[in-house]
Amino acid sequence: VTLLQPANGRQSFSGKAILKENSNSIILQSYETDVAKYNKKTNTIKILGYYSLTTGAHINSFLDMFGIDPLTKKEIEQHADEKILLLSNI
């Protein structure tokens, strides 16, 4: 388990966002809820939902780890409905 580092210049998320990694994936957990998952084998990110402004910040910092620009709440919700976000820049 690793703490997620903010992408927006904040010093920390105070332990509210963590990364859980295994051989197949990296899962972003926000407030004890899985909100995004990177699949190492398919090189994709699945956004599992938008729950709050803070969770949106956690998701955007997670996306930043992979070189993806921040998404608006509407875009996050759209990708959650689609269930998958392909990564073309890794």
Taking side chain to side chain contact (heavy atoms under 4.5 Å, CB included) as the definition, give me every residue that meets it alongside [X], ordered by chain and number, with sequence neighbours left out.
X	value
T33	V35, Y51
Q5	L3
D69	none

Beyond-backbone contact of [X] with [Y], side-chain heavy atoms, under 4.5 angstrom:
X	Y	result
K40	I26	yes
I45	F66	yes
I68	F62	no

Item to check | Check: N60 side chain, L71 main-chain N or O, donor-acceptor pair, under 3.5 Å | outcome: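 Yes: the side chain of N60 pairs with the backbone of L71.
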Checklist entry - Is S25 reaching over with its side chain to a backbone N or O of I27, donor-acceptor style, under 3.5 angstrom? => result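 The answer is no, because no donor-acceptor pair under 3.5 Å joins these two groups.
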Checklist entry - Would I47 and I18 show up in the same hydrophobic cluster when neighbours are defined by side-chain heavy atoms closer than 4.5 Å? => result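 Cluster IDs for I47 and I18 differ.
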Item to check | Shared hydrophobic cluster for V1 and L4 (ILVMFWY, side-chain gaps under 4.5 Å) | outcome: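 No, separate clusters.
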Next on the checklist: Tell me every residue that passes salt bridge (charged side-chain N to carboxylate O under 4.0 Å, His left out) with K16, counting only those two or more places apart in sequence or in another chain.
Outcome noted: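 Result, salt bridge (charged side-chain N to carboxylate O under 4.0 Å, His left out) vs K16: none returned.
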Next on the checklist: Using the salt bridge (charged side-chain N to carboxylate O under 4.0 Å, His left out) criterion, which residues pair with E75? Sequence neighbours excluded.
Outcome noted: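 E75: no salt bridge (charged side-chain N to carboxylate O under 4.0 Å, His left out) contacts found.
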Checklist entry - Once you round to the nearest 0.5 Å, how far does OH of Y50 lie from CD1 of I59? => result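 Here the interatomic distance stands at 8.0 Å.
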Checklist entry - With sequence neighbours left out, what residues match T54 under side-chain hydrogen bond (donor to acceptor under 3.5 Å, both in side chains)? => result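 Testing T54 for side-chain hydrogen bond (donor to acceptor under 3.5 Å, both in side chains), a comparison that skips the adjacent residues, returns none.
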Item to check | Residues which pass side-chain hydrogen bond (donor to acceptor under 3.5 Å, both in side chains) with S61, listed by chain and number, not counting sequence neighbours | outcome: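 Counting only residues at least two positions away or on another chain, S61 forms no side-chain hydrogen bond (donor to acceptor under 3.5 Å, both in side chains).
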Next on the checklist: The test is side-chain contact (heavy atoms from CB on, under 4.5 Å); show your working for M65 and L19 and say whether it passes.
Outcome noted: CA-CA 11 Å; M65 289 174 40; L19 302 172; 3.7 Å; yes
Checklist entry - Where do T55 and S30 come nearest, in terms of heavy atoms and distance? => result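 Distance-wise, the nearest heavy atoms are OG1-OG, 3.3 Å.
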Next on the checklist: For a quick test of reading the model, state the closest non-hydrogen atom pair linking T44 to T42 and the distance between them.
Outcome noted: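 Looking at all heavy atoms of both residues, the shortest contact is OG1-OG1, 2.7 Å.
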Next on the checklist: For residues 22-39, which residue pairs pass the salt bridge (Lys or Arg N to Asp or Glu O under 4.0 Å) check, not counting sequence neighbours?
Outcome noted: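 Pairs touching residues 22-39 that pass the test: K20-D34.
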Checklist entry - Can you list every pair that meets ring-ring contact (aromatic ring centres under 6.0 Å, His included) and has a residue in residues 13-32, with sequence neighbours left out? => result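 Sorted pair list: F13-H58, Y31-H58.
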